[in-house]
Amino acid sequence: MYSDLIEKYKKIQPSQNAVRILTERYFIKTPAGEFIEKSWHDVAHRVARVVASAELINNPALENLSKSEKLDYIKLLEKEFFDLLASRIFIPNSPTLFNSGMGVDYELLYKPLEQMELDDYSKIIQMRNHLHMLSACFVVPVEDSIDGIFTAVKEYALITKAGGGIGSNFSSLRPNGSFVAGTHGKASGPISFMHVFNSAVSVVEQGYRRRGALMGILNIDHPDIMDFISAKKGNDGEKVLRFFNISVGIPMRREELLRIYERDGTIRLNHSKWHGEKEIKVREIIQKMAQSAWETGDPGMVFLGEMNRYYALYPHKEIISTNPCGEIGLGAYEACNLGSIDLAKLYTQNGVDWDALEKATRIAVRFLDNVIDVNVFPIDKISKAVKESRRLGLGIMGFADLLYKMDIPYDSEEARRLAKNIMAFMALHSHEESSKLGEEKGNFPLFEQSRYHTEDDFVPFSMDESDYDEEIFEHFRNVAPKFKRNVAVLAIAPTGSISNIADTSSGLEPNFLLAYVRYVNKQNSDEREPLFYVNEVLKQKLPEDLINSIKDKLVEDGTLKHLEIDEEIKRVFVVSHDIKPIDHLLMQEAFQCYVDNNISKTINLPNSATVDDVVEVYIEALKHKIRGLTIYRDGSLQTQVLTSTKSLKT
Ligand code: ADP
């Protein structure tokens, strides 16, 4: 039951690793450096209170209530938000944790709930300052003029300072060598300008909490595409376009590119300011992409055509780029806030607790919708675009740990069936909640132009086969044409930091390692000591003495593969590199079929994979219902974040 799980997980303390991360980056300090927050519950109190106060900004339903009824309503919501956050069953993206309450008196943020008055909530709204920015994902358009480019550079700096990740499609910039009328000179092209954006971001600190993150896209038909593909060559993770992930944009449908590839056809390069004539074979482009991705992990591919195919506002509005990790496609000046439910915590002896998942999903949608209203964006155009369509990104984390708990191997049909059912279930309940919010508080302002309203039977994702398909179709046939608060609701983020805070596996990814050692400072000293980490579920499933006897080997390999233990256990406790690329892809597709935004997923290849293996993955990707592709060959980037001791040595 939901309330039992909430009570259970509220009591479980975050691990040593989670506390270290919270202490280093998340707990609020005074300007003098004194900690105001000392526990995860302190963070949960602050965030729940601020996000509940949004009801005073944008809830027409509250207007007819008396003052005391309004207060009771908001306090009840705060309590619901607090419980969910405190349990770590749901955690919003890092900027919401960092910046909720910026500018607000500490006294208002932490006083006991019983003492809260309506005025206190109003004061929270009034006191928010310009750093009260709670979203993780932004897309900034870059216009083809010096003025336009440097306006965007400034916008990058402002968003980075507030803690957001930014993506841009640089295809509007005229290619290298083309004519510039104003100076009779030659343009230096999109890639050279990307270095300017990279430098700007490199000198803007995010309150010392994290380095910036950028996504640079160039469409496949831009005349500079071949140079773009190798723009990060020589990259060792530090030097070349360090803050950028780069991706080739595919504006047409996936199937169309596949068709051109299969008949060995070409793409005609073009740009309105370019007078050249050139066609390139798609096979040549793909080959170069594969070579480059084999070397450095970049570029990825983003299927913009696929995103627009399922975008409720297309063609009225268009998705032009994604955020840095790819889970959200956005139009110009759009932003999105994310949040993720930890599926592993929703496991009970009977499998997934579906009632609890429904409740958590519904509260999370309300929470994320409120985040839009308490957000303060550094640029007015962003405020406007966000409020017009109210896009949300609710997703999951802890999927791999859930599978471990359920004894299901990640690379199995059973796991994919579970993935589809979970995501379809969440799609149904999150969209129902968004429609309910639409009825209560008002639809998103562009609703009447959206395909929810104008098209019969529009569903914002591709669907596949799940236990909830009929209910989903019914929702989009009967309810969505009348009510919808949010243009899109779901996305699966990498959850790089928040999964650590939740002590769970990240996003939909398999675990990368089952054990590792991290060297941390001893308390009050500069001396380092090893902190051994072994996957919690494995620890619960194997006897302690067995774990101790295999620990060294496990830390060395990261996987159980080469150990002599029960084959069943080995089959279930697979890690990324035990899983074939095709099984990574199939899992991405399983989830994507029920997600209206996108999914962040890395297709891992072993170090021994060849360039041809990468090409094969690309072609396979074009055959599946996915919206982007990121591949990573183990060991191809020296500064890889997580590595087993063995792969470090080789
Ligand atoms: P978290 O776990 O910290 O909430 P995720 O790893 O899920 O974040 O990333 C979600 C999104 O947040 C990314 O796609 C990106 O847009 C943004 N993001 C992540 N890391 C950074 C960073 N260092 N700087 C700016 N934005 C970031």
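Indexing begins at 1, ligand by ligand and atom by atom, following the structure's order. Just the heavy atoms: all of them, side chains too, but no hydrogens, waters or symmetry mates, feed the values below.
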In ligand 1, which numbered atoms sit nearer than 4.0 Å to a non-hydrogen atom of [X]?
X      : result
Asn323 : 13 (C), 14 (O), 16 (O)
Gly212 : 24 (N)
Pro494 : 5 (P), 6 (O), 7 (O), 9 (O)
Gly496 : 2 (O), 5 (P), 6 (O), 7 (O)
Ala213 : 21 (C), 22 (C), 24 (N), 25 (C), 26 (N), 27 (C)
Gly164 : 25 (C), 26 (N)
Gly165 : 16 (O), 25 (C), 26 (N)
Ser94  : 1 (P), 3 (O), 4 (O)

For ligand 1, the portion of [X] having any non-hydrogen atom under 4.0 Å away:
X      : result
Leu338 : side chain
Glu327 : side chain
Ile498 : both

Below 3.5 angstrom, do we get any N/O pair linking [X] and ligand 1?
X      : result
Cys137 : no
Ala493 : no
Ser497 : yes

When you check the side-chain N and O atoms of Glu318 and Tyr311, is any donor under 3.5 Å from an acceptor? no

Between Arg20 and Ser15, is any side-chain donor less than 3.5 angstrom from a side-chain acceptor? no

Should Ile149 and Glu143 count as side-chain neighbours, where that means a heavy-atom distance under 4.5 Å? no

Rounded at 0.5 Å granularity, tell me how far CD1 in Ile501 sits from OG1 in Thr495. 10.5 Å

With rounding to the nearest 0.5 angstrom, report the NE2 to CD distance, His41 to Gln13. 7.0 Å

Side chain of Ser434, backbone of His431: donor and acceptor closer than 3.5 Å? no

Does the plane of the ring in [X] sit parallel, tilted or perpendicular to the ring in [Y]? Use 30° and 60° as the thresholds.
X      : Y      : result
Phe244 : Phe170 : perpendicular
His584 : Tyr410 : tilted
Tyr594 : Phe461 : tilted

